[in-house]
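What follows is a single structure, written as structure tokens, with notes after it.
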Amino acid sequence: MKFANRMSRLGTETAFEVMAKAKALEAQGKHIVYLQIGEPDFPTPKHIIDAGVAALQAGETHYSPAAGIMPLRQAIVEEVAARRGVRPEVDEVVVTPGAKPIMYFLIMACVEIGDEVIYPNPGFPIYESVINFVGAKPIPLPLREEKDFRFDPDEFRSLVTDRTKLIIMNTPANPTGGILTREDIAVVADVARERGILVLSDEVYKNIIYEGTHHSLYSLPDMKEQTILLDGFSKTYAMTGWRLGWGCMPKEIARRVEQLMINCNSCTATFSQYAGIQALQGPTEEVDAMVEKFRKRRDFIVNGLNQIEGISCILPKGAFYVFPNIKQIGMGSQELESYLLHEAGVSILSGTAFGKYGDGYLRFSYANSVENISIGLDRIAQALAKL
Ligand SMILES: Cc1ncc(COP(=O)(O)O)c(C=O)c1O
């Protein structure tokens with residue numbers, strides 16, 4: 001079978017492939033500790049499940065408008081107004097099956113062959129994949145460990161050219177757990193305004209933050225007109241399987257994204273959207289408790305990793321990932337990922353799964369119990385001691 005050329009430019013999310021390898025080992029009887037998965041291990045809060053079930057039972061089993069049901073879009077308007085201090089119009093909101101399609105549709109709609117797109121590296125792998133897929137040029141913006149995995153402003157400015165069409169930012173970040181400061185986003189906004197460049201601000205982890213404050217590019221003066229705010233329900237409300245996300249963007253872009261929705265999905269599952277209203281408007285205690293549990297796990301895993309010879313790990317301020325430095329171990333990140341899976345039965349990801357600047361690091365997700373994290377760390381220490 002000869003596939004279309006463009007498929008050779010499409011990347012992937014290695015997390016799903018590593019998961020398949022780990023499951024295959026498990027099927028052969030090996031015990032695996034899963035520390036690679038990017039989703040909360042908590043159940044979706046009950047009031048949200050109840051709202052989804054009630055919608056199904058009330059007959060909400062049909063297509064919805066392509067851009068989403070009006071009450072959910074209105075709830076998103078209120079959420080953005082409350083959290084970002086800027087009120088979008090309801091026509092500027094598009095609901096999608098997960099937040100991922102917003103990045104795909106936006107890049108499909110706005111980025112031409114040969115355009116340049118600046119994106120964080122190490123960063124969520126789908127950015128680079130889709131930039132390549134549309135024939136644009138990916139321009140990696142290195143995130144530096146010595147800067148708590150933030151970027152250097154001069155380095156950022158040096159990457160901007162007349163061909164820069166889009167800048168992608170992600171705070172709190174996958175895979176590093178780093179957050180951007182007010183000064184960082186101001187630098188991006190200044191350049192974007194000066195040069196008329198679009199910004200995609202991926203804020204899916206905005207509620208999972210332990211120190212500091214979440215700063216949104218969407219909130220900065222005049223940035224609403226050139227920012228695509230991407231957010232969703234997967235991480236905050238433990239709703240990965242409901243496939244529910246959204247974007248807020250200037251109207252003319254929203255209509256293109258809606259058109260792509262019509263071509264691909266028709267709409268987002270209607271009952272999921274009703275559950276989403278409840279997520280935004282219902283009680284927040286369970287989400288708060290989840291974030292508190294994540295904080296304890298973060299402290300536990302960072303402390304544990306720093307006790308293993310050859311590993312050093314800074315304390316991330318957000319999301320549920322740590323990105324330890326393994327350069328002292330003397331093994332490449334990918335080799336170490338494979339060694340730890342087979343030797344220790346611990347499934348983690350090589351930093352290179354997130355781009356070339358992830359070399360020398362591993363990504364651990366602490367969306368697992370303290371007990372399992374503890375078993376995983378012990379086994380890693382034993383496996384490394386054998387080297
Ligand atoms: C940075 C980032 N953005 C977006 C997403 C997409 O989430 P979803 O499509 O489940 O809403 C993820 C998921 O891992 C992510 O890590």
Side-chain angles (χ1 to χ4, degrees), residues 11-19 34-42 44 48 68 72 76 79 93-107 117 119-131 141 143 149 166-180 199-209 214 216-218 228-248 257 260-261 264-265 268-269 272-273 275-276 279-280 294 316-323 349 351 353-355 358 363-367:
T12 189
E13 215 180 317
T14 319
F16 289 101
E17 286 164 13
V18 172
M19 170 85 124
Y34 289 94
L35 296 176
Q36 100 290 348
I37 191 75
E39 65 175 341
D41 53 319
F42 300 101
T44 304
I48 300 175
L72 176 59
I76 291 167
E79 144 92 6
V93 177
V94 184
V95 177
T96 45
K100 237 181 198 175
I102 295 286
M103 56 188 85
Y104 185 79
F105 292 159
L106 169 75
I107 293 171
V117 181
Y119 68 102
N121 190 318
F124 190 49
I126 300 305
Y127 307 142
E128 187 178 318
S129 167
V130 183
I131 298 165
L141 172 63
L143 301 182
F149 292 113
L166 176 71
I167 298 165
I168 304 178
M169 288 285 142
N170 172 216
T171 181
N174 178 8
T176 64
I179 63 172
L180 297 179
V199 178
L200 171 64
S201 186
D202 181 342
E203 304 181 12
V204 294
Y205 296 99
K206 70 155 187 322
N207 287 318
I208 305 173
I209 201 155
H214 174 66
S216 174
L217 270 146
Y218 200 74
I228 295 83
L229 170 62
L230 175 154
D231 202 343
F233 296 78
S234 289
K235 315 291 176 176
T236 301
Y237 303 101
M239 288 178 75
T240 43
W242 295 75
R243 304 316 297 134
L244 190 62
W246 52 269
C248 254
V257 170
L260 284 159
M261 266 297 285
C264 293
N265 302 87
T268 304
S272 287
Q273 297 187 59
L280 292 177
F294 276 144
K317 295 191 171 71
F320 41 76
Y321 309 110
V322 287
F323 206 63
L349 291 178
F354 303 91
R363 190 195 78 169
F364 288 64
S365 155
Y366 46 91

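The first residue of the sequence shown is numbered 1, and numbering continues consecutively from there. One-based numbering, in listed order, for ligands and for the atoms of each.
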Quiz item: Any non-hydrogen atom of G245 lying under 4.0 Å from ligand 1?
Solution: no
Practice problem: Please confirm whether the backbone N or O of P172 pairs with a side-chain atom of N170, one donor and one acceptor, at under 3.5 Å? | Solution: yes
Quiz item: Which ligand 1 atoms are under 4.0 Å away from a heavy-atom of G98?
Solution: 9 (O), 11 (O)
Quiz item: Which atom names give the shortest non-hydrogen contact between V93 and I76, and what distance separates them?
Solution: CG1-CG2, 3.8 Å
Quiz item: What do you reckon, does A99 have a nitrogen or oxygen under 3.5 Å from a nitrogen or oxygen of ligand 1?
Solution: yes
Self-check item: Winner among E13, K100, E39 once heavy atoms are compared against atom 6 (C) of ligand 1
Solution: K100
Self-check item: Pair W242-F233, side-chain contact (heavy atoms from CB on, under 4.5 Å): steps then yes or no
Solution: CA-CA 8 Å; W242 295 75; F233 296 78; over 6 Å; no
Exercise. For K235 and ligand 1, answer yes if some heavy atom of the residue is under 4.0 Å from a ligand atom, otherwise no.
Key: yes
Quiz prompt | From Y205, F42, Y321, residue fulfilling ring-ring contact (aromatic ring centres under 6.0 Å, His included) relative to F294 | solution = F42
Practice problem: Please say whether R243 places an N or O atom under 3.5 Å from an N or O atom belonging to ligand 1. | Solution: yes
Practice problem: For residues F320 and E39, report the shortest heavy-atom separation together with the two atoms involved. | Solution: CE1-N, 3.8 Å
Quiz item: Which ligand 1 atoms does V204 reach within 4.0 Å, using its non-hydrogen atoms?
Solution: 2 (C), 3 (N), 4 (C), 15 (C)
Self-check item: Contact check, F233 vs ligand 1, heavy-atom distance below 4.0 Å
Solution: no
Quiz item: Can I168 and V117 be said to form a side-chain contact (heavy atoms from CB on, under 4.5 Å), step by step?
Solution: CA-CA 7 Å; I168 304 178; V117 181; 3.9 Å; yes
Quiz item: Going by the order shown, which atoms of ligand 1 are within less than 4.0 Å of some heavy atom of M103?
Solution: 3 (N), 4 (C)
Quiz item: Would you say S234 contacts ligand 1, with heavy atoms under 4.0 Å as the rule?
Solution: yes
Exercise. Test D41 against Y34 for side chain to side chain donor-acceptor pair (under 3.5 Å), laying out the working first.
Key: CA-CA 11 Å; D41 53 319; Y34 289 94; over 6 Å; no
Quiz item: Name the one of N121, N174, T14 that satisfies side chain to side chain contact (heavy atoms under 4.5 Å, CB included) with F354?
Solution: N174
Quiz item: Closest heavy-atom contact between Y218 and C248?
Solution: OH-CB, 3.9 Å
Self-check item: Identity and distance of the protein heavy atom lying nearest atom 1 (C) of ligand 1
Solution: D202 OD2, 3.3 Å
Practice problem: Please determine if N174 has a nitrogen or oxygen closer than 3.5 Å to a nitrogen or oxygen of ligand 1. | Solution: yes
Quiz item: Between S365 and I37, is there a donor-acceptor pair closer than 3.5 Å when you use the side chain of the first and the backbone of the second?
Solution: yes
Quiz item: So is T240 in contact with ligand 1, going by heavy-atom distances below 4.0 Å?
Solution: no
Quiz item: N170 heavy atoms, cut-off 4.0 Å: which ligand 1 atoms fall inside?
Solution: 1 (C)
Quiz item: Just going by heavy-atom distances, which of F354, W246, F124, Y321 is nearest to atom 5 (C) of ligand 1?
Solution: F124
